[in-house]
Amino acid sequence: MKHYGVVVIGAGHAGCEAAYASARLGVKTALVTVNLSEIGKMPCNPAIGGPGKSQIVREIDALGGMMGRITDQSMLNIRLLNTSKGRAMQVRRAQADRDAYKLHWKKTLEHTDGLDLIEGMVEELRISDHCVSAVRLREGLEIVARAVIIAAGTFLNGEVLIGNLVYPAGRTGEPPSIGLANSLRKLGLRMSRLKTGTTPRVNKRSIDTSVLERQHTSDVPLGFSFWREQRVLADDFPVYVSCTNEETHAVIRNNLSLTPNFNGLITSEGPRHCPSLEAKIVKFPQRASHKVFLEPEGRDSAEVYLQGIYTAFPPDIQDRIVHSIVGLEHAQIERYGYDIQYDYIDPTQLSPTLELDGIRGLYLAGQVNGTTGYEEAAGQGLVAGVNAARSVVGGPPFVISRTEAFIGVMIDDLVTKGVTEPYRMLPSRAEYRITLREGNADLRLSGIGHEIGLLDDRCYEQAMVRKSEIEKLLLHLKNERIGSNHPLNEALARRRTPVLTDNGASLYELLRRPPVRLLDLISDNDYPEDVLTEVEIEAKYSGYLEQQEREIERLRRMERLLIPEDMDYAALESISIEGRDLLSRVRPSTFGQASRIPGVARADLSMLAIILRQ
């Protein structure tokens, strides 16, 4: 036997962040995975970030996690998205070198004190007196643990589907986790199945890029981590853009009976916001084309990922689909796309710490909770890792509110509402998304990261310096008033905004005007670009931010109204039967969480509030 404080099962994005966080907090940790060479693998597209996801990456970074730093070390191409929108809505997305990303994660974990890597397949959980006590490996090793984090991705009873072919696999080329799935079912957990898919990969030498739109990397310094110097990348690995056409759609429509998405082999739900190509053709028959992004896989790889054509057709049909697309007429497919079905655990059985109700010390993170996406998994992994470590040393639970971070929104959605399809973090899910910007994640969360022990002193001090510079510049803008004779009136006229009268205005009031830029108002500019950007956002969005702050404070008051863990909802006869059933199923920890449970009536919430006050 071996003894650890925390054992993490699975070394995908959730498992890596969980193991790193747990060990960094001083708890002896073991990371168990079926193949140590595949730590941090990107089985789907080789990209990090995008709307909703970029915010999570930067929040992980602000808290002291690693995804942002490792992305910066391995990225090939990075762009700012949503540039036609206001600055508060702009996010970054990077193409990563798939192999470099894995190597940087492996090196990081191998050099983390207190963390051991173990190659093996976990077959069974050992539970004693409603507490997790150990895990047993297929290889015969038993590991005693005070806390266990399951981050098994798509491996639980996973099966790959291509055409009419179905075979067991956690990912293509890797075995599924059947014993662990059965062990979880024996615990009486509510479990179901979901599906996801991937696209064909082609050899870049067989692509005619001369006829394709080219997306260049950013020509201004960009990166994800607040703690590394942002840089401009060489434009050697662009993304190219093509699109499907009527020939593509005809091939798909004429062969729907050959894909598991339509021949009855797939019975589970896939991600609605990332559907298969065949689903898009059927659901949107009026669309003449769909975009296809050709994404590079790595510096030393000739493979190109065809983002946008997720499909599980047989190989011969995939050949016809790919060859019908402009620029890909002679493309050589090196890997064919496939779908995968797998078990997941209903996340409403979890507390906001991601601990499983009724089994102390057992935490779940990533796709096993019904999510999809590297970023979503990593955010959960960090939270599970911190809480597992704290449960071992007797520390307080670590819970991120939905008012504090996109990570908090995601976890609250999972444990309160559950999932009916793979959950993807979208900006629209966050009520306070203007407040929870990717650019201010360090200002929001670095204090928390430093307090819990993940973020070191140097990084925390760096965030405090930036915060001080932002406050200093905002104070100057609010205190500096100018009148009608000031030379800035000429700049206001050029911006086609009203010039000043004798009453004058503060520079801050002028900056709130949409056409006015901050650099119009300050002549001596010694501030870093990220400080100027945050100050401009604070001014331009001040009305929205003030309104959101009032709403956030109202929600915080609701969250402070705690519900006892042993609340007997069945005995609350003043609440409807349906309301009691829903509350018993989710077991919310606060009144705020109860108010977000789908289906709980306002009348039931009013009665619950009265009961709690009594």
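On a predicted model such as this, the values are computed, not experimentally measured, just so you know.
Note that CD of Gln380 is 8.5 Å distant from CD1 of Ile56, once rounded to the nearest 0.5 Å. Atom-to-atom distance recorded for Tyr432:OH and Ile434:CD1 is 12.5 Å, nearest 0.5 angstrom. Note: Ser268 OG to Leu194 CG = 6.5 Å, rounded to the nearest 0.5 Å. For the atom pair CG of Leu233 and CG of Asp219, the computed distance is 11.5 Å after rounding to the nearest 0.5 Å. Atoms CG and NZ, from Asp116 and Lys28 in turn, are 6.0 Å apart once rounded to the nearest 0.5 Å. For the atom pair CD1 of Ile340 and CD of Gln367, the computed distance is 8.5 Å after rounding to the nearest 0.5 Å.
Here the side chains of Lys53 and Arg424 are in contact, with some heavy-atom distance below 4.5 Å. Phe398 places a side-chain heavy atom less than 4.5 Å from the side chain of Leu382. Val202 has its side chain out of reach of Glu334: every pair of non-hydrogen atoms, C-beta onward, lies at least 4.5 Å apart. Residues Val34 and Glu174 have side chains in contact (heavy-atom distance under 4.5 Å, counting atoms from C-beta outward). Contact annotation: the side chain of Tyr344 approaches that of Val419 to within less than 4.5 Å [non-hydrogen atoms, C-beta and beyond]. Looking at heavy atoms from C-beta onward, Met191 lies in side-chain contact with Leu184 at the 4.5 angstrom threshold. Within the 4.5 Å cutoff, the side chain of Glu124 has no heavy atoms near those of the Arg138 side chain. Side chains of Arg201 and Ile333 form no contact here, defined as non-hydrogen atoms less than 4.5 Å apart.
Proximity of a side-chain donor or acceptor of Asp72 to a complementary backbone N or O of Phe224 within less than 3.5 Å is detected. Side chain of Arg24 to main chain of Leu454: a donor-acceptor pair is present (N/O by atom type, distance under 3.5 Å, no hydrogens or angles). The backbone N or O of Arg299 sits less than 3.5 Å from a side-chain atom of Asp97, completing a donor-acceptor pair. Looking at Thr71, its side chain does come within 3.5 Å of a backbone N or O of Met67 through a donor-acceptor pair. A donor-acceptor pair under 3.5 Å is absent between the side-chain atoms of Glu376 and the main chain of Gly366, judged by distance alone. The backbone N or O of Asn35 sits nowhere less than 3.5 Å from a side-chain atom of Glu38 that would complete a donor-acceptor pair. In this structure a side-chain-to-backbone donor-acceptor pair under 3.5 Å is present from Gln95 to Pro46. Not one N or O on the side chain of Arg69 forms a donor-acceptor pair closer than 3.5 Å with the backbone of Arg228. Counting only distance, with no hydrogens or angles, the side chain of Glu139 and the backbone of Met121 share a donor-acceptor pair below 3.5 Å. Judged purely by atom type and a 3.5 angstrom limit, Gln341 has no side-chain atom pairing as donor or acceptor with the backbone of Glu159.
Both the sub-6.0 Å distance and the 45° axial angle are not jointly satisfied by Arg171 relative to the ring of Phe155. A cation-pi contact links Arg429 to Tyr423, judged by a cut-off of 6.0 Å to the six-membered ring centre and 45° from its axis.
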Check the pair Asp236, Thr217 against side chain to side chain contact (heavy atoms under 4.5 Å, CB included), reporting the backbone distance first and the verdict last. CA-CA 9 Å; Asp236 297 332; Thr217 192; over 6 Å; no
I'd like to know whether Val383 forms a side chain to side chain contact (heavy atoms under 4.5 Å, CB included) with Val399, so could you lay out the CA-CA distance, the side-chain angles of the two residues, the decisive distance to 0.1 Å, and finally the verdict. CA-CA 8 Å; Val383 172; Val399 175; over 6 Å; no
Please evaluate residues Thr172 and Tyr167 with respect to the criterion side chain to side chain contact (heavy atoms under 4.5 Å, CB included), reporting the C-alpha separation (whole Å), side-chain torsions for both, the decisive distance (0.1 Å), and the verdict. CA-CA 9 Å; Thr172 183; Tyr167 63 91; 3.5 Å; yes
Check the pair Ile411, Ile400 against side chain to side chain contact (heavy atoms under 4.5 Å, CB included), reporting the backbone distance first and the verdict last. CA-CA 8 Å; Ile411 292 176; Ile400 303 179; 6.0 Å; no
Between Arg444 and Glu59, does the salt bridge (Lys or Arg N to Asp or Glu O under 4.0 Å) criterion hold? Intermediate values first, please. CA-CA 9 Å; Arg444 291 185 278 118; Glu59 288 171 357; 3.1 Å; yes
Could you walk me through whether Glu421 and Arg272 pass salt bridge (Lys or Arg N to Asp or Glu O under 4.0 Å), step by step? CA-CA 7 Å; Glu421 63 182 61; Arg272 180 163 46 99; 3.0 Å; yes
Verdict with reasoning, Asp235 to Arg214, per salt bridge (Lys or Arg N to Asp or Glu O under 4.0 Å): CA-CA 11 Å; Asp235 194 22; Arg214 176 177 173 139; 3.4 Å; yes
Would Lys195 and Glu269 count as a salt bridge (Lys or Arg N to Asp or Glu O under 4.0 Å) here? Give the steps. CA-CA 6 Å; Lys195 81 103 179 176; Glu269 288 294 325; over 6 Å; no
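Nearest approach of Asp456 to His450, heavy atoms of both residues: O-CD2, 3.9 Å. Taking every heavy atom of both residues into account, Ile162 and Pro315 meet most closely at CG2-CD, 4.1 Å. Of all heavy-atom pairs between Leu362 and Val132, the closest is N-CG1, 4.1 Å. Across all their heavy atoms, Ser351 and Val415 have their closest contact at O-CG1, 3.6 Å. The two residues Tyr363 and Ala147 come nearest to each other via the heavy atoms CE1-CB, 4.3 Å. The shortest heavy-atom contact between Pro347 and Asn369 is CG-O, 3.4 Å.
Checked for salt-bridge contact, Glu295 and Arg93 meet the test: a charged N lies under 4.0 Å from a carboxylate O.
Just one of Thr353, Val27, Ile452 meets the side-chain contact (heavy atoms from CB on, under 4.5 Å) condition when paired with Arg390; it is Ile452. Leu212 pairs with exactly one of Leu294, Val239, Ile325, Val292 by the side-chain contact (heavy atoms from CB on, under 4.5 Å) rule, that one being Leu294.
A side-chain N or O of Glu438 and one of Ser54 form a donor-acceptor pair less than 3.5 Å apart.
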Acceptor/donor pairs from residues 75-86 side chains to any protein atom, 3.5 angstrom cut, sequence neighbours excluded:
unit_1 : atom_1 : unit_2 : atom_2 : d
Asn77  : ND2    : Phe237 : O      : 3.1
Arg79  : NH1    : Gln215 : OE1    : 3.4
Asn82  : ND2    : Met89  : O      : 3.0

